[in-house]
Amino acid sequence: MAANGLTLSKYITLISSDGFEFVVMRDAVMISPMIKSMLDPQSAFKEAVSGRCSFDEINGIVLEKVVEYFHYWYKNREREDVPDMDIPVELCLELLMAADYLGLDKQT
């Protein structure tokens, strides 16, 4: 339960620019400073109440790969011998822009 009395769901929904919805574990998306601040119960953001984050800048194909990365990070967060994640070459530029937008290039 959050400090303001809201019960936080274990899952949140990420919505792409083309309407695809991805249900993701809340703990897994917290690697993104942007999403973390959107979901902060102390914020006045509607995402904190609804548990739904819309990204008009990220299409479904790219957001699917970002969600895959969130799960990959969450699964391997305490390991040292982490295998490489498969990233299609044709998505590299868009993924780099999405990572920058979501703050994934920052050290946590």
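Side-chain atoms are counted along with the backbone in the values below, which use heavy atoms only and exclude waters and symmetry mates. Counting begins at 1 with the first residue of the sequence.
- Every pair tested for salt bridge (Lys or Arg N to Asp or Glu O under 4.0 Å) that includes a residue from residues 84-99 fails, sequence neighbours excluded, so the list is empty.
- More than 12 heavy atoms of other residues, nucleotides or ligands lie within 6.0 Å of CD1 in I15, so this atom counts as buried by the packing criterion.
- In the hydrophobic clustering of ILVMFWY residues, with side-chain heavy atoms under 4.5 Å counting as a link, V24 and M85 come out together.
- Put simply, I87 and L102 are part of the same group of oily side chains (I, L, V, M, F, W, Y) that touch within less than 4.5 Å, one to the next.
- The OG atom of S37 lies 9.5 Å from the CE atom of M30; values are rounded to the nearest 0.5 Å.
- Using modelled atom types, no side-chain atom of N76 and backbone atom of R79 make a donor-acceptor pair closer than 3.5 Å.
- Here the side chains of Y69 and L95 are not in contact, with every heavy-atom distance at 4.5 Å or above.
- Taking CG of L91 as the reference point, atom CG of N59 lies at 8.0 Å (rounded to 0.5 Å).
- Rounded to the nearest 0.5 Å, atoms CG (D27) and CH2 (W73) are 8.0 Å apart.
- In this structure the side chain of V66 never reaches within 4.5 angstrom of the side chain of L14, judged on heavy atoms.
- Heavy-atom contacts from other residues, nucleotides or ligands closer than 6.0 Å to CZ of F22 number more than 12.
- The salt bridge (Lys or Arg N to Asp or Glu O under 4.0 Å) pairs that include a residue from residues 55-75 are K65-E68, where partners are two or more places apart or lie in different chains.
- Hydrophobic clustering (ILVMFWY, side-chain heavy atoms < 4.5 Å, transitive): L39 and F45 are in distinct clusters.
- Taken from CZ in F55 to OG in S17, the straight-line distance is 11.5 Å, to the nearest 0.5 Å.
- By the 4.5 Å heavy-atom criterion applied to side chains, R26 and Y11 are not counted as neighbours.
- Rounded to the nearest 0.5 angstrom, M97 CE and C92 SG are separated by 11.5 Å.
- Taking OG of S43 as the reference point, atom NZ of K36 lies at 13.0 Å (rounded to 0.5 Å).
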**Request:** Would you check, one step at a time, whether the test side-chain contact (heavy atoms from CB on, under 4.5 Å) holds for S32 with L104?
**Result:** CA-CA 6 Å; S32 167; L104 297 175; 3.9 Å; yes
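- When side chains are defined from C-beta on, H71 does not count as touching Y74, because their heavy atoms never get closer than 4.5 Å.
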